[in-house]
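Before any comments, here is the structure.
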Protein chains: 2
Amino acid sequence: MGIPERKEREKEARREEILNAAQRVFFQKGVAVSTMDDIAQAAELSKGTLYLYYHSKEELYLAAANRGMDIMAHMFQDASATTDDPIMQIFRVGDAYYRFFREQRDFFRMFYFYESPEFHAGVSQGMLDQCRQQDQKVWAVVTAPIKRAIDEGLLHPELDPLEVGIMLWSNANGFLRLLDRNESYWKDAMGVDLLQTLRKSSALLLEAMMTEKAQQKYAGMILYKDSPVTEEEKE
Amino acid sequence: MGIPERKEREKEARREEILNAAQRVFFQKGVAVSTMDDIAQAAELSKGTLYLYYHSKEELYLAAANRGMDIMAHMFQDASATTDDPIMQIFRVGDAYYRFFREQRDFFRMFYFYESPEFHAGVSQGMLDQCRQQDQKVWAVVTAPIKRAIDEGLLHPELDPLEVGIMLWSNANGFLRLLDRNESYWKDAMGVDLLQTLRKSSALLLEAMMTEKAQQKYAGMILYKDSPVTEEEKE
DNA sequence: TCCGTATTCTGACTATCAGTCATTAACTAG
DNA sequence: CTAGTTAATGACTGATAGTCAGAATACGGA
């Protein structure tokens with residue numbers, strides 16, 4: 001009998017319709033000022049129905065944010081797959097983060113909430129697990145080339161991949177957040193090329209962590225020179 | 001007649017009493033779950049009175065956060081004043097941020113809200129100005145030694161003080177935020193010395209930005225060696 | 001000391017919003 | 001067609017930020 005299967009599909013479809021509506025509303029109004037009534041109206045459902053599919057507004061937010069995390073993870077994955085050179089991979093992932101910032105600004109802004117301390121209330125265990133899973137997925141893509149670079153003697157062996165990842169991530173994140181609020185000021189008033197600035201700071205960090213061997217290999221690519229990262233790499 | 005002056009003083013005192021009460025409540029319960037009724041009770045006043053002194057809960061929060069910013073700015077200032085060497089000053093300010101994190105954790109956590117995008121609603125212009133002023137005060141203390149280091153040929157002349165400041169700040173911030181949530185994990189389970197890790201990453205960044213001249217001068221102080229930053233500097 | 005006025009304070013009230021639940025509607029199986 | 005199961009509804013509750021008409025208090029002058 002295919003009826004239970006169809007019902008299951010319809011239930012899943014409705015769950016997704018609700019999430020689509022929520023995402024639209026979040027993007028348009030901002031998470032904090034979006035109400036469940038807004039979302040219900042956008043979904044053409046009553047508010048009560050939303051709660052049959054999601055336990056709380058937070059959960060709906062997290063589900064939407066997870067979509068963004070998924071997009072980001074895929075962009076990182078794709079960027080990393082364009083080369084075999086671990087140092088290049090690190091740069092490419094950094095570039096991908098910048099591209100995510102440019103192309104998925106709404107999601108980028110939604111992530112501001114992610115680390116707000118007042119979550120974990122009214123959120124189901126399943127959703128929390130899903131979040132942790134997404135976190136780990138992104139983190140794995142970020143740390144994998146770092147670990148390889150250390151193993152291959154390109155970065156100093158005393159370094160810990162996690163530590164390096166945090167440094168690069170914090171650096172990029174700090175930059176992009178600042179950018180998000182003061183874009184026009186930076187770009188128009190000061191004429192700063194933002195992608196280059198971000199790259200330069202990442203390059204500085206990476207160069208500092210490289211072994212001599214690697215510094216020779218990548219000499220001239222980074223640090224006060226124009227970065228040829230976007231050109232085809234020479235293996 | 002001294003009566004209007006006395007009244008002015010009393011008004012200011014009441015304003016401060018309210019802020020003290022709000023701070024106590026925010027510290028104890030967390031900003032998000034603190035209610036205006038909580039604060040009114042703590043201040044032994046009615047809720048309506050709070051609104052005669054502050055326009056909104058956000059404004060009360062910002063006033064409390066500004067106190068924290070003030071403490072931080074002073075700690076940075078004091079740390080910077082312990083030496084004349086600009087590179088040392090940068091390290092000392094970094095250490096001071098770590099100390100602020102340790103000693104003023106409640107304020108550190110309150111800052112999470114500061115950058116949340118949904119502010120600027122129900123906040124008076126005066127308060128916003130005060131916030132920007134505090135921001136600039138902290139930023140000035142951070143960038144001053146960086147600027148000096150560039151001018152004195154210790155950091156590469158192509159660098160922009162703002163850019164360097166963002167990099168160091170983002171790095172420290174990213175670290176400390178992670179620490180704030182996973183302290184016991186890092187310390188107990190992995191045996192990482194957090195102050196050393198933070199210093200090492202700052203040192204890596206700084207070393208990468210130094211001129212050869214400076215790298216010689218500060219050789220051995222940083223980068224994979226124990227940092228003697230806390231010892232008396234040798235001028 | 002007493003009165004009119006200005007200032008300060010109060011707490012009941014409103015508006016908004018997340019989340020609930022008794023009721024209704026729709027669908028399914030026999 | 002009917003009984004029973006599942007899905008959907010929207011009025012309702014509780015919490016809370018913010019308001020405001022009026023009470024209480026302080027002051028200055030007679």
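Just so we're on the same page: letters track the sequence lines, and every chain starts at 1.
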Would you say the ring centers of B/Phe100 and B/Phe76 fall short of 6.0 Å from each other?
no
Is the side chain of A/Tyr54 donor-acceptor paired with the backbone N or O of A/Leu19 at a distance under 3.5 Å, no angle test?
no
Nearest-Å distance, CZ (B/Arg14) to C1' (D/dT25)?
12 Å
Using only atom types and a distance under 3.5 Å, with no angle test, would you say the side chain of B/Gln89 pairs donor to acceptor with the backbone of B/Thr83?
yes
Length of the line joining B/Leu60:CG and D/dA17:C1', which is rounded to integer Å
12 Å
Validation: residues 161-171 of chain B side-chain donor-acceptor distances under 3.5 Å, sequence neighbours left out:
residue  : atom : partner  : partner atom : Å
B/Ser170 : OG   : B/Ile166 : O            : 2.8
B/Asn171 : ND2  : B/Ser201 : OG           : 3.0

Quick one: label B/Tyr54 by what it contacts on the DNA or RNA (base, sugar-phosphate, nothing), any heavy atom closer than 4.0 Å.
nothing
Take the protein atom CG of B/Leu50 and the nucleotide atom C1' of D/dT19, then report the distance between them rounded to whole Å.
13 Å
Taken to the nearest whole Å, CD/B/Glu10 to C1'/D/dA26 is 10 Å
Can any side-chain N or O of A/Tyr53 pair as donor or acceptor with the backbone N or O of A/Glu12 at less than 3.5 Å?
no
Does C/dC9 have its OP1 or OP2 closer than 4.0 Å to a side-chain nitrogen or oxygen of B/Ser46?
no
With a non-hydrogen cut-off below 4.0 angstrom, is A/Leu45 in contact with a base, only sugar-phosphate, or nothing?
sugar-phosphate
Whole angstrom value for the distance that separates C1' of D/dA7 from CD of A/Glu44:
17 Å
Sub-4.0 Å heavy-atom contacts from residues 15-22 of chain B onto DNA chain C, ordered by number
none
Which atoms of nucleotides 14-19 of chain C (N or O only) lie under 3.5 Å from a protein N or O atom, and what are those distances?
residue : atom : partner : partner atom : Å
C/dA18  : OP1  : A/Ser34 : O            : 3.4
C/dA18  : OP2  : A/Met36 : N            : 2.8
C/dA18  : N7   : A/Lys47 : NZ           : 3.0
C/dG19  : OP2  : A/Tyr51 : OH           : 3.1
C/dG19  : OP2  : A/Lys57 : N            : 2.9
C/dG19  : N7   : A/Lys47 : NZ           : 3.0
C/dG19  : O6   : A/Lys47 : NZ           : 2.8

Look only at the side chain of B/Thr82 and the backbone of B/Ala79, and say whether a donor-acceptor pair between them is shorter than 3.5 Å.
yes
Using whole Å, report how far OH of B/Tyr53 lies from C1' of D/dG18.
18 Å
Atom CD1 of B/Ile39 and atom C1' of D/dT16: how far apart are they, to the nearest Å?
12 Å
Would you call A/Arg92-A/Asp78 a salt bridge at under 4.0 Å N-O?
no
Main chain of A/Thr35, side chain of A/Asp38: is a donor-acceptor contact present, judged purely on distance under 3.5 Å?
yes
Give a yes or no on whether the backbone of B/Met127 and the side-chain of B/Ser124 come within a donor-acceptor separation of less than 3.5 Å.
yes
